[in-house]
Each structure stands twice: as structure tokens, then as C-alpha cells.
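Here's the structure, in C-alpha cells; my notes come after.
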Amino acid sequence: MSDAYFDVIVDVPALRDRRFTYRVRESVFLPYGAKVHVPFGRGQADGYVVGRVQEPEGVETKEILAVYDTRFLPPLHLLSFGCMLARHYCAPVASVWSCFWPPRVPKKPVSKVVSPCHPPEVARRDAGVGNEEVRDLERPGEGLSFLRRAGERTGYLIWGSREFRWRFYIQKIKEALEDKRGVIVVVPEVKRIESASKILEADLGSKAAILHSGLSDAVRRRTWFEILEGQRCLVLGTRSCVFSPVKDLGLIIVDEEESESHRAEDLPRYSAAEVAMLRADWENAAVILGSSHPSVVRYSRACAGRLLLVREDRSSLTPLVRSQVIDLLAKGRRRGLITKEMYEELKCVFDGGKRALLFLNRRGTSSAIICLDCGHAVTCKRCSVSLSYHAKKRELLCHICGHRQPVPDVCPVCGGYRWKLVGAGTERVEEEFKKKFPQVPLFRLDQDVLEESSAESVLSSFLQSSPACLVTTQVVLGYDDLLDVEAVGVLSCDSLLNLSDFRASERVFHLLSDLMEVARSAQSEGRTSFLIQTYNRSHRAVQGVFDPEDFYRQELDSRRFLRYPPFGHLFKVEFSGKSPERVREAALSFAAKCEELEGGGEVVEILGPCPAQIPKVRGQHRWQLALKGQDREALTDMCETAASKTVLPSGVKISFEVEDSL
DNA sequence: AGCACGCCGACT
DNA sequence: GTCGGCGTGCTC
């Protein structure tokens, strides 16, 4: 019996999109995009069929081991979309295609594959067979067609409260469903799904298909199949559901569009909001992005008319009784975390038997301990950061890798024995608070507390007492719907503002906006207040909380000047590995290749390379490089070419992070 | 990414 | 004399 040969891209990130030729019995037919299990190297790997080929010359072929149930094969338009997306994110095609498959799809040994007699649909899929590169198949044109379709807007940016946004979503979902078209709704957290699902069911009378990582593999696979079959046309889930194979897609909604949770940190490193815009365009669907404080990039897209801005009338918002920015630079301040102004406000709240929340973006007692004799700070062995001191457990903790150790008796450098604690965290706030308000019950909610008890239990005891105070970090924002406080105090936001990341200001703006909303959503009548202590009282991110348009204007001015998104594209290239010399060498040679490709032109600006913000994480040394430019294609080409032509020293990993710019 | 092959240093 | 470091290269 003769054999058939198929090219396969193996899902091994380091190999990018290299094709390998495998063999099957002549009677076995494999469609484009089929997921297969193959012998690879000395082991095995998953891969995807990209075409049928002639018997290769000069290479031994191995036989495909098994084929994943082809009833789960993503539709062709999604496969092509995947190729486009892979290029968009400089990610391997296989990594993107894997997003189109639910977990635990059954696979059949290739020997048991009963070949269908080449149904026409399957045959058509094979049209792309040949020697062309995967990426050349259905390669997208420059730009987005919804930018081209003059006058016809298919994208909305909804700026308003949760109630306002969902009213709009429901209206548009209704229209889409009546039109017999499918809808995907993406929310940032699993916790948001339950209430969203209730709203959808109550207002539309239809149950959404739910997809998120908390569900069992079997349930996810079943739901996925129902979507694929067209039995479910309304999908609700977290970021990965933006890839679900909804039939006749008419609308994609991304709520809390600005949330960091929409970004995937592992390959492919996509952002659900950006994928939603690209996919909606690809499938001629509408897209709705919603937020109570939109991202800078999306806001500017709306201003440019590429998204239709729908803004809630702000007069309907509950006004804050009091808000204040407390200047930490003012002279004559006593040391301490709670200023006199903050103290007065809290006292007022507690005297009225009410609850307050104090926010500080740092857990533990102090962020470092320093030897008073030589100035040495105790650092983590595996990471280039100082260890935080946690008084409750009397130990030092690395906030990057979790390494814990006791406080050394003597300084490892000079033998000194006097330590100074610097940089206060939530445990320190707790100590200071207890001295200032000994009679007010205090609760703490941060990552350390979550290791021992649930956020729900802490919050429910907090909400059962009044007066009461909650000292907390970023983790609280996932539970803001469970909160009911009359005052929110931000003890400091300066460490976040001073990060050298072009999005630092924006992050602080979103964080403060979220916290202000917590104060605003207090259920009780009467006073609610919001206070910020900061060394940067006139910073746009701080002032912008009270005047968002002004923040957007200033932030856009600054980005325009520096050509940051949305005024250009920014790709970060990261190198990591055990050997510091090799990582450095890899970064330098990649950068040199980029310079060479650029040839002194002005299309792509090459920034760096330089050691990363945190040069060592979990024993891995890191370098980075940024590529900035107006022409996205040029940036992508440079990344692809430089990546394929630079020989990375072994043990060095390269990864691309593409900033949102749509 | 794994995983083997291959060539120079410390050891029983 | 052998064990074992990791530097290099390949995976259909």
C-alpha cells in the first residue's frame, strides 16, 4: 500500500512555524488545520496539518500517530484568521490555532482512522496544499476593513457605569440574535460571569453558553462542540472565549475593556479586546468595547471616529460628598502612613459608625531591610529584588518568586546586626492604624491573607461590623461588588507612578478610578469620601480621576510626542535564560540584526537592548529590546526576519510582546 | 523546548 | 584510567 504525506507545524514555540513532513496510509485523508499527534525528536508532540505534499527527498519520514476528532476542526475562516493573528502578535501559528480547540478532544490512533470518501467540503479545505508558507495563506491586507468602510461604523466604545453598559449590550445582543447571528460576550474575571449570565437570562430569556477555566474539561469540551454545531449562539466567558467558533458571528462585546485580565501572559500573548476588534472585522461582525474608564488607546480610536463613542450622562452618577488629594510633600509632615487629614476624615467616618477602606499597593511590613552599618539590602537569591519583611510571620519574603527565609542575625556583607525597615506595606499600615484607632475593628485583605482564608469570608466579617476598616491591596478590586464602604483612602500611589513604562500613568489612572468607584457605590445615603495621599498631586493620573477627559488629553499629548501607541506601534522583545552573558549576547545580536535590516532608515526605531526592569527573575536573567514605529508591517517583518536570522545561543528564550494599538 | 552527542577537568 | 560538566545541533 502506498503512502500519503502531509506537512505539519508542530506546537513547539521555539520552532516557530517550521514544517515537518509526516506519513500516513494513502487512504487516510487529513484536512487543513487537522490536529494531530506525532513522534517528534525522541518524544512526541501535537501539531497541525497545513497541507498535502509529495514524498520528501533525502529525509526519512515518520508516521502520524493519532488524529484528534475532526468534528472539532475549526472552520476555515477561523484558521485563516489565526494565521493573521499569529502575524499580528509575532506568535507561532500553532500556538494560535491551539486556542481554537477545547481541552481534551479525543484522538484516534491513525490506524483506526476510517477515511471519509473525500467529501467536497473537506476537499475544498485542502485547496491550500502546496509549498506556500502557512502565513501566506489568506494573508490579510494592510489595515482593517472597518477602517476602510467609510462612514459605516461597526464598533462602539461604551463609556459609563455597569448598568448603563449592560443596558446597551442587551439592546445590541437582542438585535443580533433577532438577526439570527451569534454573539460573544467577554468579561475579565470568572467572578463577573455569574451576574452577567443572570442579566442575560433575565433580559433576553436565553441562556448563554458559559466558558471559563474554572469549568471541567468535559463541560468545556461539550459546550465548545455545541457552539461549533450552531446549537448555541450566545457565548459568555473570560478572554479565551473570544476564540470560540460561534456560527454567523454578528457581535463581540468586551466588557471592562481596559482590564489587564484581558491580556494573556503566555503564548500567544494576546489581548481579548484587540482580538475582538480584529475578529469582528474579519467576520464582518460588530464590536462593542465597554468600560467605566476606557483605555487611552480605545478612547483615542473613538475620538478619531473609528469607534462610535456612547457616553453615559454623568449627571446621573452619585456625587461624592468629599474628595481630596493630600500633598505628602507639604512641609512639617510627621512620619507615618496616615496623614493628619486622612486621620481626621477616618475619625469622622468611624465616629459615625461607618466603614472605610485604606488602599496601599504593597503587602508585608516593609519592602526591604537595610543594614544600618553598610547599607546592604537583603536580596533574593533567584531574583534581583530586595526581600520584603513580613512581621506577622517574622520572615523575609520575595514578592517575585515566593522564596522565604528568616531575617539574618548579622549582615552577610559587614557583620552588622542593626536592620532598618524601609518602604511600608499593609502590615505596617495595620500596626499604625491600631495605634491611632485602637477601638475600631481592623481587617486586612491582601495576597498573604488569601493564602489562609477566602476574600469572601474576610469581607463578610468586615461588612458585619461598623465601624470597621479594611486595609487592602489590588486584590480587593476583584471583589468590589461585595464592598460597601463610605470612605476610600489611598495611602500612596507613587511607587506605581514612577515605573518606567509608558503605560504607568494609565495604570494609575485606572486604579484610582476603580477605587473612586468603590467609594461612589456605597449603598448608604450620606457622606462618601475619596482621599488620595501622594507626592505627585498635580500628576495627570491623579488629577485625571476627577476629570478623565483632561487625563486623556494630556496622556495623548505625551504619547503623540513620543510616538507611543496609539500614535505608533510598540513591540517589546524579551530574552531570558540562565546565563547572563548568553542572554546579553542574544539581545545584542538580535538588535544588531535589526539595525542591519533597518539600514539607517527611519521606519523602525530600535530602543535598547538593555537589561529588563527586573534583570533576574527565578534565576533567569533578562534583557529587553523595544521596536517602535508607524508601520506595523515593517515592525512585524523586522521581528520575523531578525528572529529567523539570529542564531540564539542555546539556553536563551526569545519572546515578543505586542502592545495594544487598535 | 527537550535530548543526545562530544570534547576537556576532577576523581576513585 | 573513568565520571561528568555543559556547549552544539537536531528534531520530518
Side-chain angles (χ1 to χ4, degrees), chain A residues 2-26 28-68 86 89-99 107 109-111 113 126 128-135 264-269 573-590 617-623 639-640 643-657:
Chain A
S2 60
D3 290 323
Y5 297 88
F6 289 92
D7 266 6
V8 169
I9 46 172
V10 180
D11 196 359
V12 177
L15 295 170
R16 309 291 304 174
D17 294 333
R18 267 188 67 187
R19 301 160 74 115
F20 294 90
T21 307
Y22 285 89
R23 170 170 39 88
V24 281
R25 303 191 317 271
E26 172 76 82
V28 174
F29 186 82
L30 296 170
Y32 178 75
K35 185 171 177 176
V36 292
H37 195 65
V38 293
F40 190 72
R42 272 144 287 272
Q44 298 173 2
D46 283 334
Y48 299 88
V49 170
V50 290
R52 189 168 174 172
V53 290
Q54 295 298 312
E55 180 175 4
E57 285 167 31
V59 254
E60 283 295 295
T61 55
K62 289 182 180 173
E63 192 177 8
I64 287 173
L65 296 170
V67 181
Y68 286 88
Y89 282 116
C90 295
V93 170
S95 73
V96 175
W97 280 2
S98 70
C99 298
K107 56 177 187 280
V110 80
S111 57
V113 170
D126 202 36
V129 168
N131 294 321
E132 79 289 329
E133 285 301 305
V134 185
R135 297 202 154 170
E265 59 269 8
D266 32 279
L267 260 179
R269 293 169 84 171
V573 191
E574 293 161 10
F575 305 86
S576 65
K578 263 210 194 94
S579 149
E581 298 81 19
R582 285 159 167 273
V583 171
R584 176 176 169 273
E585 192 192 313
L588 289 172
S589 65
F590 187 94
V617 166
R618 293 171 195 273
Q620 297 279 305
H621 289 83
R622 300 155 71 228
W623 273 61
C639 285
E640 279 185 359
S644 65
K645 291 198 176 160
T646 310
V647 239
L648 286 179
S650 67
V652 179
K653 216 170 71 180
I654 186 171
S655 74
F656 299 95
E657 189 184 329

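To find a chain, count down the sequence lines: A is the first, B the second, and so on, and within it residues start at 1.
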Is a side-chain N or O of [X] found less than 3.5 angstrom from the main chain of [Y], in a donor-acceptor match?
X      : Y      : result
A:K35  : A:S98  : no
A:R23  : A:E60  : no
A:S589 : A:A586 : yes
A:Y22  : A:P39  : yes

Rounded to whole angstrom units, what separation is found between the [atom1] atom of [X] and the [atom2] atom of [N]?
X      : N      : atom1 : atom2 : value
A:E57  : C:dC12 : CD    : C1'   : 14 Å
A:L648 : C:dT8  : CG    : P     : 13 Å
A:D11  : B:dG2  : CG    : P     : 12 Å
A:D3   : C:dC12 : CG    : P     : 16 Å
A:K578 : B:dA1  : NZ    : P     : 11 Å

Polar atom pairs between nucleotides 9-11 of chain C and protein, under 3.5 Å, N or O only, would you list them?
residue : atom : partner : partner atom : Å
C:dT11  : O3'  : A:G41   : N            : 3.1

Original post:
Under 4.5 Å between any side-chain heavy atoms of A:D3 and A:Y5, yes or no?
Top reply: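 Yes. Closest side-chain heavy atoms under 4.5 Å.
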Original post:
Any chance the side chains of A:S644 and A:R16 put a donor and an acceptor closer than 3.5 Å?
Top reply: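 Per modelled atom types, A:S644 and A:R16 side chains form no pair under 3.5 Å.
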Subject >> Candidates C:dT8, B:dA1, C:dC12 - which lies nearest the side chain of A:R582 >> reply: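 Per side-chain heavy atoms of A:R582, the pick is C:dT8.
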